[in-house]
Amino acid sequence: MKRFKPAAERSEGAVIHTHAVDTLCPYCGVGCAVTYVADADRRRILFARGRDGAANSSRLCVKGRYGFDYASHGQRLTRPLIRRESAYPKGQLTPLEKRPNKPGGPVDYDDLLPHFREASWDEALDLVASRLKAIRDSDGSRALAGLGSAKGSNEEAYLFQKLVRAVFGSNNVDHCTRLCHASSVAALMEGIGSGAVTNIVRDIARADVAFLTGCNPTANHPVAATFMKEAAEAGTQLVVVNSRRPAIADQAALYLPIRPGTDVALHNAMLHVLIRDDLVDHAFIRERTDGFEAVTETVREYPPETAARICDVPAADIERAARMIGEAKAVMFFWGMGISQHTHGTDNARGLISLAMVTGNVGRPGTGLHPLRGQNNVQGASDAGLIPMVYPDYQRVDDPEIQRRFEDAWGVQLSPTPGLTVTEMMNAAKAGELKGMYIMGENPFVSDPDVNKVRQALAKLDFLAVQDIFLTETAEFADVILPASSFMEKDGSYTNTDRRVQLGQPVLALPGEARQDWELICEIGSRMGYPMEYPDVAAVFDEFAAATQSYATLSHAALGDRGRWYPCSDPATSDGDPIVFQDSFPSGRAKLVPARFKPAEEQPDAEYPLILSTGRVLEHWHTGTMTRRSRALDTISPEGLMEMHPVDAGALGMEDGALAQVRSRRGDVRIRVRITDAVLPGTVFIPMHFREACANLLTDPRIDPDGKIPGFKFCAVSVNPANLPESRTA
Amino acid sequence: MSRQVELTINGKAVSVPVGTTLWDAAAAIGIDIPVLCHEPRLRPVGVCRLCVVDVGARTLAAACVRPCEEGMEVRTDSEEVEAHRRTLLELLLADQPDESARENTTGDDALYELARRYGIKDIPLPDGAAGHPRGRDDSSPVIAVDHQACILCDRCIRGCDEIQHNNVITRTGKGYETRIAFDLDTAMGESTCVACGECVAVCPTGALTHKAVHGLRLEEET
Ligand code: SF4
């Protein structure tokens with residue numbers, strides 16, 4: 001007879017010792033709450049359990065569920081490293097391309113490590129502090145810059161910008177928001193005086209229509225996408241616009257596959273229809289906006305037929321999209337990098353703001369503007385002032401009154417001059433004007449446009465300190481590398497795409513001698529002669545909140561295990577405000593700014609006949625430093641593939657899986673082709689994560705004049721079949 | 001305010017909005033009714049029948065789907081009810097694998113938990129799997145599928161469709177060959193599965209479990 005043998009009976013009293021910690025997913029801006037269960041000595045995470053967070057209700061995606069093991073990867077940096085004399089003059093230490101018998105993937109440690117020697121913390125930190133100080137004293141504050149990270153906590157972001165401003169002495173501090181939503185933020189600041197979302201993702205359930213443009217939520221905001229699909233099944237009509245068909249288009253009532261870079265014409269034509277057919281909200285326009293006349297004037301030139309020719313979609317579909325928005329009671333607008341990452345990204349976002357404003361779709365349930373934020377803390381890092389023009393809470397550095405306030409708070413003289421953005425820093429380094437940099441948790445060598453230029457810029461720096469958890473491509477140019485804490489080892493708060501401020505807690509013990517990022521920032525400040533001392537991370541939060549009105553009522557204790565949305569009048573009684581600007585905007589009235597359609601500068605031509613767009617895949621994230629070191633994620637998605645339409649592939653005689661040589665005016669890469677009709681004929685798509693097929697060797701560094709964001713979503717390339725030396729790869 | 005109904009569960013009075021299930025009403029007053037095919041995030045379907053309770057009618061009612069009625073007198077732990085549950089557990093356990101992959105990974109096998117609670121030792125039934133193994137699917141890099149441990153509760157199907165809205169999992173086959181399937185019955189690793197792991201999270205048995213991400217399994221202390 002069969003007997004029932006539960007584990008507990010097999011060895012009576014056996015206990016499974018685990019260590020479960022309520023924290024957050026380290027990856028995207030959705031900000032899912034999760035419990036990670038680690039082994040008893042806190043070296044490895046064993047599995048994840050979804051937690052009932054405000055943004056996820058226990059749901060997780062593949063990254064949150066299976067992507068946690070990067071933190072205990074054997075390549076974690078555990079001791080400070082100093083570049084050996086023999087490794088000067090500086091340059092790249094490993095080739096970007098795949099080599100025979102070398103697997104692709106992140107930086108090869110065997111190539112890099114021989115060029116560095118281990119050092120004590122004192123030696124490494126003293127070297128960083130003394131070299132940065134020497135540059136400041138000889139070349140001035142503007143010769144130093146810092147790049148912080150949207151993956152770090154609010155507290156780290158706050159301390160980092162304080163270090164650059166108060167100790168380096170300039171406003172040369174930025175982070176990767178520059179590369180993702182800087183243009184959206186520029187348009188929102190100009191339009192309504194706030195860069196954050198006006199409503200949370202899950203309120204889509206109350207929208208009649210949701211306009212989803214330039215975003216691919218099932219891949220990039222997967223748990224948010226589950227709520228969007230849920231809404232669609234319950235009756236919310238989705239209008240999806242993209243030039244690469246996102247999976248969410250399957251749920252759409254209307255899908256507009258527009259030609260890349262033509263969003264301004266589409267938005268203008270939709271505004272044209274709304275105004276022509278009087279589907280606008282006159283009361284809202286009258287009471288809450290300025291500039292309607294100027295917009296009306298401009299969009300008169302964009303009847304749907306004109307836009308149809310520019311965008312290559314039927315005029316009837318443009319009419320229908322406009323009418324759906326005009327006739328609905330509640331409309332939410334979601335957008336992603338397909339809107340922001342253009343040299344006219346700010347104009348793209350202005351159009352969306354105008355669409356929401358003329359139809360009165362802000363400040364009510366089921367309405368609002370929602371730029372989907374990419375990284376887990378891109379909202380918080382921006383709120384904390386990791387931006388060259390503003391202090392925490394978007395307070396302008398060139399306002400003397402604000403400057404004085406921060407001078408009083410920090411006890412130093414501060415610079416009134418806005419600093420350099422990410423892209424400008426690289427130019428300044430290349431020109432020799434920027435001499436010293438401190439980069440924490442960013443990898444501009446892979447993430448910035450035109451990598452060949454970035455390489456020259458980083459090599460030219462007199463001194464570079466890189467603080468990270470792995471050797472990154474950027475660390476190849478470092479003089480000193482500081483081993484830091486992963487998300488899984490730190491305390492801190494993170495602000496998701498919904499403005500929900502939530503606490504992360506340490507699940508794992510720090511490996512080896514690695515140290516907390518926040519402590520390292522303070523060490524550098526203190527060693528440069530500006531004492532930065534805090535008893536704990538909660539105390540840093542308090543100083544940050546005191547300087548940041550939207551966080552003023554919050555503290556670590558008040559956030560608890562579920563967090564709060566900001567603004568939050570009283571965290572003891574309120575969950576915070578999911579919907580903001582019910583009655584007025586921070587700027588008072590919204591400013592509508594008209595935009596004219598301008599084609600991207602680098603149009604396809606005979607030599608470079610195809611349009612390249614870059615982006616992400618579900619399993620990977622940013623430059624792959626973390627996800628490519630996750631066994632699960634790397635197994636599911638081991639290789640970057642270029643998506644190409646069957647018509648283009650056919651014309652080149654290329655089959656699925658063939659190796660292609662892709663060239664732009666700036667560089668070339670080899671990459672395998674995936675044939676799919678998700679992309680439009682004449683366009684190709686390459687994910688940004690894979691250094692051996694580094695999309696940013698190709699991209700165009702030209703930037704948007706307002707947002708200073710590069711146009712990652714548009715450049716001209718040629719594609720040809722490649723013959724490979726690579727077939728012998730082991 | 002919606003209309004309320006009043007009833008008693010195990011002698012305790014409770015008032016709930018019309019439409020509330022017996023299972024939810026019991027949970028609200030701290031009475032735990034065993035169930036395998038239901039969890040609060042899912043739409044109840046009433047297939048495992050473990051949650052049956054005595055409502056004074058000719059047959060027992062599945063609490064997870066039965067709405068509360070005015071004046072109902074419900075017993076969740078009568079002898080008849082418990083005997084019924086024990087038989088069901090024995091039937092479910094008769095063809096389970098010898099060890100639970102779930103107990104060995106995330107440690108939360110709900111079927112095993114109930115078997116322990118009901119003190120089940122010997123199973124007086126033939127092993128349904130003898131000569132008819134129901135098979136495995138190890139094609140996904142992150143999720144292990146053991147059809148032998150599947151009790152066809154449909155939680156994974158609802159998790160995939162109604163929580164994550166991915167619509168990948170379904171059922172196929174007839175009789176003892178009935179099993180869950182992916183897309184049009186392709187291997188999980190080749191299906192449109194996006195590996196969100198929700199099916200593992202909602203599965204009550206060792207049928208859907210996480211593969212060891214580190215090559216490490218949760219191990220008992222030695
Ligand atoms: S949706 Fe984003 S936050 Fe949630 S689990 Fe996935 S990567 Fe993590």
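A note on names: the letters A, B, ... follow the listed sequences, proteins ahead of strands, and every chain is numbered from 1.
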Which heavy atom in B:Gln164 sits nearest to a heavy atom in A:Lys229, and how many Å separate them?
-> O-NZ, 4.0 Å

Out of A:Gly50, A:Ser58, A:Ala632, which one racks up the most heavy-atom pairs below 4.5 Å with chain B?
-> A:Ser58

Whatever's closer than 4.5 Å to a heavy atom in chain A on B:Asp108 counts as neither

Heavy-atom distances under 4.5 Å only: say whether B:Glu113 touches chain A with side chain, backbone, both or neither.
-> neither

Does the side chain of A:Glu233 reach to within under 4.5 Å of the side chain of B:Glu162, using non-hydrogen atoms?
-> no

Interface moiety of A:Glu619 toward chain B, non-hydrogen atoms closer than 4.5 Å | neither

Residue B:Glu82 excluded, over 12 heavy atoms near CD under 6.0 Å = yes

Quick one: closest heavy-atom pair of A:Val62 and B:Val194, and the distance?
-> CB-O, 3.6 Å

Using the side chain to side chain contact (heavy atoms under 4.5 Å, CB included) rule, take B:His210 and A:Arg65 through it: C-alpha gap first, then chi angles, then the decisive distance, then the call.
-> CA-CA 10 Å; B:His210 299 312; A:Arg65 182 97 61 192; 3.9 Å; yes

Interchain contact, A:Ala225 with chain B, by part (heavy-atom threshold 4.5 Å) | neither

Please determine, among A:Thr635, A:Asp52, A:Leu60, the option with the most heavy-atom pairs under 4.5 Å with chain B.
-> A:Leu60

Pairwise distance SG(B:Cys196) to CG(A:Leu618) - rounded to 0.5 angstrom | 9.5 Å

Intermediate values then yes/no, side chain to side chain contact (heavy atoms under 4.5 Å, CB included), B:His165 and A:Met228 = CA-CA 9 Å; B:His165 303 271; A:Met228 295 173 174; over 6 Å; no

Contact summary for B:Ile163 and A:Thr226, nearest pair of heavy atoms = O-CB, 3.8 Å

For a side chain to side chain contact (heavy atoms under 4.5 Å, CB included) with A:Phe47, tell me which candidate from B:Thr209, B:Thr106, B:Val200 qualifies.
-> B:Thr106

